[in-house]
Amino acid sequence: MNYWLLKTEPFTYSWNDLVRDKKSVWDGIRNYQARNYMAEMKKGDLALIYHTGSAKEVVGIARISKAAWPDPADKEWNVVEVTPVNKLKNPVPLSVIKSNMAFTDMVLLKNSRLSVQPVMRAEFDRIVAISENK
DNA sequence: GCCAACGTTGGC
DNA sequence: GCCAACGTTGGC
């Protein structure tokens with residue numbers, strides 16, 4: 001089981017949109033590194049959903065409900081299907097992640113522009129723990 | 001609104 | 001193959 005983080009601009013497509021839609025094809029990723037990570041995703045993997053822009057916080061957990069397949073709009077690229085699992089009890093802001101030593105190696109901090117990224121299980125668990133203890 | 005960091009493109 | 005120029009992302 002692998003863990004991931006998916007970024008989205010909430011004005012474009014938010015966690016609430018995902019909940020409303022029940023599932024969503026995660027498309028429009030046009031970055032080779034991100035594409036490669038998408039190709040590694042397996043059905044059942046979990047992904048943190050992170051809001052960029054003015055939000056800058058992890059808001060929920062989604063499941064990869066369908067592994068990567070070529071984007072019908074441009075077959076050079078991949079899409080996956082994601083399904084919401086649960087909203088975090090409290091969102092975990094980037095500022096908290098930045099100030100916590102447990103996350104110094106997190107891709108979110110080291111490569112802030114990557115919109116699809118792997119997350120260590122320990123990081124994933126810590127984010128969930130922080131979200132519940134507030 | 002600015003700009004640092006990063007990725008891509010294209011001339012050489 | 002190098003790298004300057006340019007474009008994009010996303011935090012501040």
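Sequence lines set the chain letters: A, B, ... in the order given, protein chains first and strands last, and positions in each chain run from 1. No experiment lies behind these values; they were computed from the predicted model shown.
Summarising the geometry, atom CG belonging to A/N100 is positioned 5.5 Å from atom CZ belonging to A/R126; distances are rounded to the nearest 0.5 Å.
Of the options A/K98, A/E123, A/Q117, a side-chain contact (heavy atoms from CB on, under 4.5 Å) to A/L108 is made by A/Q117 and by none of the others.
Between the side chains of A/D17 and A/S14, at least one donor-acceptor pair of N or O atoms lies under 3.5 Å.
Nucleic acid contact class of A/E9 (heavy atoms, under 4.0 Å, all strands): none.
If you chain together ILVMFWY residues whose side-chain heavy atoms come under 4.5 Å of each other, A/I49 ends up grouped with A/W4, A/L6, A/Y13, A/W15, A/L18, A/V19, A/W26, A/I29, A/Y37, A/M38, A/M41, A/V59, A/I64, A/V80, A/V82, A/V107, A/L114, A/V116.
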Quiz item: Reading nucleotides 7-12 of chain C from the 5' end, what letters show protein touch, with B for base, S for backbone sugar-phosphate only, - for no heavy atom under 4.0 Å?
Solution: BBBSSS
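Under the ring-ring contact (aromatic ring centres under 6.0 Å, His included) criterion, A/Y32 pairs with A/W77, not counting sequence neighbours.
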